[in-house]
Structures are given as C-alpha cells and as structure tokens.
J.: 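One structure, pasted below without further comment.
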Amino acid sequence: MHRYRTHNCGELRDGQIGQTVKLSGWINSVRDHGGILFIDLRDHYGLTQIVIDPAQPFYKGVEHWRVESTICFVGKVVARIPEAVNPKLATGAIEVVAEEMEVLGESLVIPFQVAKDEDCNEALRLEYRFLDLRRQSLHKNIVLRSKVIARMRELMTAKGFMEIQTPILTSSSPEGARDYLVPSRIHPGKFYALPQAPQQFKQLLMTSGFDRYFQIAPCFRDEDARADRSPGEFYQLDMEMAFATQDDVFAVNEEVLHAIFSEFSDKMIDNTPFVRIPFREAIEKYGSDKPDLRNPLIMQDATELFRDCDFKAFAGVVASGGAVKTIAAKGCAGQPRKFFDDMIKFAQSVGSKGLGYLRWIDGEVQSPIAKFLSAETLNQLKELGGVGDGDVMFFIADQKKEATEIGGAVRTELGKRLELIDANVFKFCWIVDFPMYELDDEGKVAFSHNPFSMPQGGMDTLLNKDPLDILAFQYDIVCNGTELSSGAVRNHSPELMIKAFDIAGYGKSVVESKFPALYRAFQYGAPPHAGIAPGVDRIIMLLADQPNIREVIAFPMNQKAQDLLMGAPGNVEPNQLRDLHLQVKLPKKAEQPTESPA
RNA sequence: GGGGGUGUAGCUCAAUUGGUUAGAGCGCCAGCCUGUCACGCUGGAGGUUACGGGUUCAAGUCCCGCCACUCUCGCCA
C-alpha cells in the first residue's frame, strides 16, 4: 500500500465498496455525535466522508482533529444506507470506516474559515494566501487559469507557433511604463531592467527567421494598481507573426479567443470575425477606446441643432467651439424624478457642468429646456435619436473632448442603472486605426502608442500628411469593456523608423542609441511582421467572472505592491548592498527603512 | 501625489439623536449527543471600537490628525 494514499478524496464510488483504502487530506469539517463521528476529508480532488467508531483507540486523539490539519486514514469503503446518501457529494454514495489514523500535519486555529465561503478582509487573505488558496472559489480560479494556459499553448502550437523564452534581465527601454531595475554587481552603477513586455525580443525573433513566435510571457511594470491591473507583474499571451498583415493577426486571435472563451465559459460569445471599430468612431459613439458593446446605448452629435437655439447655456458652448453630445435611452421616460437627479449628480461627479434631458411623454416633450427649443429643433432631435413616446434623450454640452468623455461615462452609468447590460454574454471588438501621433501636454507631436507601429501609407504619409492625421496599423482587442491587448503591424524599415521618430522630435541618433538591437537588425533583411499580446490574467478574470484580478493570481501583491505573505519588498543585508555598489538614500519622510510587510 | 469608501471580538457584521455593563452569527474552549454532511444542544472565554489628539457631564457615534485596506484620477509607449 502506498505510503499516503491508494485513492484521492474525490474518486471513491460504489464500485470500490468492500475495498480497504488509504486516503490523505485536510479535515474539512468534523461532526461529532458522541457515539459516532464523521470527518469530511478534503483534497484537491474532492471530499470523502470518514466514519469513526468511538471504540477505535485513535478516537481519543481528538485534540489533533482541528480543521485544516492533514490526516491519513486507512479504512474500508462501505455503502451508505440509502437515507444517508449525500447527492451533493460526488463520493456521496459511500463512506470510509476508519481503521487506522495518522496525523500528518497539525493546524493551528485558522484565522478565517476555509470550508465556508464567507467574506474576509483581503489583507488577511493575502497574508495567509496558502489557506485562502485552499478555499473553493480561489482554488477553482487557479485551476481554471492552469487549464486556460495549457489550452492556449495547445492552440498556438497547433497553429505553428513556437514558444520561445526571452530574457528576464534585460535593458531599460526609454519609453513606456516605469521599469523595475536590477543593479549589476559586475558593472558598478549599471542596471538591468525587467522587461515591460518582450516587445523587442519578439521582433528580433522575427528577424531571426522564426516564423511564428508565442510565449506566456511575464511582463513587469512599476505602475500603480487597479482592479484589473496587478502591480508588479502580469502575463501576456505574447505572439508575433512574420510576413503577416493585420488581418492575419486578427484571424489567429479570433480563433484562439473564440475557442478559449467558448470552452471555458457558458456565456454567449460573438461569432467571428469580431466587429471592427475605427478608433475615432469608438470615441465618437462610446466616448472610449474600450467600449462595452453589451451596452446598447450610443452617443450622437447634436452640436449643430443647438447652434442657434435660445438655450443659451448650450448655444454658448457651441459658439465657443464646443460640442453637444446626446444619448437616446429608450423606454426610461417613466423613471422617477430621483433617477434624473441622480444622473445629473453623476454627470457632475465626472466633471460635467450639468446634464440636460428631454422626455417624451404622451406625445409631449417634458423638460426644463424644452421651452428654449423650437418645434422644428425638437423634431430634428427626435429624428436624430430615433425616439418616441416613453423615450428620453440626454445632453452634454462642453468642449469636444470633455463632452465626449463625460458622454462616455454617462453612457456607461445609464447602462448600469437601466440594467441594459447582459451579464451572460461576451462582446468582442477590435479597435483599429489608432492615430500614430497626438499632441502631448506641451502641445508637441508625440507617439500616441507604440513607436514601432507601421504608419498606414508608409513613407508617403509620413512625408506628406499632417502628423495628427496619420493612422497606424495599431489595434486593440476589447471584451465587455476590458482592453485585453494592444498590437500592431510593426515598422520594420530603418528608413521609416528614422522618419517616424523624426516627426516625434527624435533624431536618428536617438533611434540608434535607444533601440540599437532593432535598428541594427532591421538593416539586415527584416521580414514585415505583426503581433499582439492578450493579457492572460484579464482573460481569466473575465472567464471566472471575478471583479478583480487578484482573484485569478495565486500570489498577488496588494495595491501598494507588497507581497504580504513573503514580505516583499524587504530589507537586505548591508553586504548585499555593498556588493551591488549601492547606497540607500531615503526620502525625508521615511528616516527609518520601512518595516517589511508580514 | 489627489479624490471616494471601509476600519467595532480570530472572521463577518449590529449598536436609534452623543446616554446603562458595546451585542449577534460563525470560529475557539469545556460538556452532552449513534447517521450527520454548514449536524444539533448547553455553558464559557474572548473588546485599548485601527491609532493619536480634541469637544462634551458623557464619544464606537461629533471634530482634527494619522495609519491600514480598497475603488478611482494621475500613471499604464
């Protein structure tokens, strides 16, 4: 007989009745009836009920039977009497009558319940992550994560992609997020950087002749956390394809994402190809470059209709070059006054001066602003919004950028409050045609996204078009309002690179010195190539229907980028600093080194 | 760095307008119980109301500060 077990806790059925078995696992719960005692023994695979007769000598070891201790039982599998069969358990038809017991690992009193699904302070969960991970919901998420990643590898490999590891210790790249740095012992004063993504390596692999690359790639960015953004590190299904167009990348990703989402979720998923929305249209209609298409509301432009109206608040905004955005919401004219007041408050909370609205009730328009509008204007608005009795149109007037942003926020809020969002579907879209450049805070032309993206139209557009009108072969994939990834057709031409950087104010020497590897590689026969890198954690978050990304990461850091279980970041020994030629100069506020967490 | 929320027993929460000894469920400890499966029953222990000030006859409750966690803006090419 095996040292610890002949079966796991999820596999015994009536077929094993009569056999003597050995099981090891955690004590999930104890039910002591005095004359008979039941233990639910739990492992990764399931629960099995152990029955203990008080006559057994080990019955007296009761102090060792605290829940979450690990115990090994030898016993006989018996059928439960019909009334005692538990249909909720896979092993509910049988139980194991204990004949021998061995405590393998005792547990202290646990700080929060493992067997019961109750809320618990997250800091405590992180500190005792090993216990939290035993709990069903989190355990299940990590299992899902493992299966999804395994399936991603299968799908990618089947499509001819090769998984290739790229360095974790690399050089700092000049643009993008803040880097995590690692000091060099051998080169005093020099630093490695952890990669924010294997971007340059995968492009180098393309120039190295590997036709299709992928990697479940760790990425490190020293930026602040969000619900869908874990600080420190995250994973991407990173991929790159040689001699490929934007459509080739879309086709591969539509197949892979459709397969993953349909195999690992019961929700309805869009058929491929996924809808494609140009960036500018997304901003106009949804006020966002990551619209949640489950929300049926769209924004429209009503600027011209208010230009000459008597409603001075709006006409004034239009006269000063602003815009009026409108959202038509069907069937909500009957909402109580409070609904509209709350929407106005919401609009103000996101920076709006107000929120106008027109309600069509019983063939009449009801609104504080209706009296300022001519019958003709009202009809035109009605036509624009496609509205009728029982419907409402909301209006935001502001400078164009603000009106669009506020309108986007109002659209999302209306979708929530009117319960327009179907929680049982996944709606995908590609956002395409991102602008290559935008104006930065100082009004200078700057790359708006990836400086390595290929401008649409090539050298001709770079030379002849207004930089702000140049589009890039740059795209995002969005699911239910979550941005899963950005990607691009890359700029593989040294001449185009130099020109593209020139427009953003960087000379040739900058390209040569900041991106020496790519620049050099592209002068030795680079294949046109394109890629993308969907975020693995976010995909699993969506599949597992979790509200924050820490629920799908085994050992996440908290919002302040601390690992409360391991105590990272922590202090190090003076000799370690000496080896690295480092001297710590603390900010004034923290005279003492901060205590390590946990 | 800015804004919002939360912080009361090991855990989840309650405590009327500022007013008696800060309560409940779960957990823990002790006892009882032969068919439970979130077993049940009886009893018990457990509190610097995050922390530090202030107002008041009186503060969990009001004010100021501060810390922690979280959501968010900035940030994330």
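Nothing here was measured: the structure is a model prediction, and the numbers come from that model. Chain letters run A, B, ... following the sequence lines, proteins first and then strands; every chain starts at 1.
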J.: Does anything in residues 487-496 of chain A reach RNA chain B, meaning a heavy atom under 4.0 Å, and if so which residues?
T.: none

J.: Atom pairs, N/O to N/O, protein against nucleotides 71-74 of chain B, distance under 3.5 Å?
T.:
residue: rC71(B); atom: OP1; partner: Arg550(A); partner atom: NH1; Å: 3.3
residue: rC71(B); atom: OP1; partner: Arg550(A); partner atom: NH2; Å: 3.0
residue: rU72(B); atom: OP2; partner: Ala227(A); partner atom: N; Å: 2.8
residue: rU72(B); atom: O4; partner: Gln559(A); partner atom: NE2; Å: 3.4
residue: rC73(B); atom: OP2; partner: Arg226(A); partner atom: NE; Å: 2.9
residue: rG74(B); atom: N7; partner: Arg226(A); partner atom: NH2; Å: 2.8
residue: rG74(B); atom: O6; partner: Asp224(A); partner atom: OD2; Å: 3.4
residue: rG74(B); atom: O6; partner: Arg226(A); partner atom: NH1; Å: 3.1
residue: rG74(B); atom: O6; partner: Arg226(A); partner atom: NH2; Å: 3.1
residue: rG74(B); atom: N1; partner: Asp224(A); partner atom: OD2; Å: 2.6
residue: rG74(B); atom: N2; partner: Asp224(A); partner atom: OD2; Å: 3.4

J.: Once ring-ring contact (aromatic ring centres under 6.0 Å, His included) is applied, do any residues pair with Tyr519(A), and if so which ones, sequence neighbours excluded?
T.: none

J.: Using the P atoms only, state how far rU49(B) lies from rG23(B), rounded to an integer number of Å.
T.: 14 Å

J.: In whole Å, measure the gap between the C1' atoms of rC11(B) and rG7(B) for me.
T.: 14 Å

J.: Describe the nucleic acid contact of Asp222(A) in one word from base, sugar-phosphate, nothing, applying a heavy-atom distance below 4.0 Å.
T.: nothing

J.: For nucleotides 27-37 of chain B, give me one character per nucleotide, 5' to 3': B if any protein heavy atom sits under 4.0 Å from the base, S if the only such contacts are to the sugar-phosphate, - if neither.
T.: SSS---BSBBB

J.: Students often get this wrong, so: under 4.0 angstrom with heavy atoms, is Pro111(A) touching a base, only sugar-phosphate, or nothing?
T.: sugar-phosphate

J.: Verify the ring-centre separation between Tyr437(A) and Phe447(A): is it less than 6.0 angstrom?
T.: yes

J.: Once you apply a heavy-atom cut-off of 4.0 Å, does Leu124(A) come out as touching a base, just sugar-phosphate, or nothing?
T.: sugar-phosphate

J.: Tell me if the OH atom of Tyr192(A) is crowded by more than 12 foreign heavy atoms within 6.0 Å.
T.: no

J.: Could you tell me how the ring of Phe452(A) sits relative to the ring of Phe501(A): parallel (under 30°), tilted (30 to 60°) or perpendicular (over 60°)?
T.: tilted

J.: Sequence neighbours excluded, which residues qualify as ring-ring contact (aromatic ring centres under 6.0 Å, His included) partners of Trp430(A)?
T.: Phe250(A)

J.: Within a reach of under 6.0 Å around NZ of Lys400(A), are more than 12 heavy atoms found that belong to other residues, nucleotides or ligands?
T.: no

J.: Testing Leu484(A), Ile431(A), Val432(A) one by one against Asp476(A) for a side-chain contact (heavy atoms from CB on, under 4.5 Å), which residue passes?
T.: Ile431(A)

J.: Could you tell me the Watson-Crick or G-U partner of rC39(B), where both distances fall under 3.5 Å? Say none if there is no partner.
T.: none

J.: Each nucleotide in nucleotides 3-8 of chain B should get exactly one letter: B, S or -. Can you fill that in based on protein heavy atoms under 4.0 Å?
T.: ------

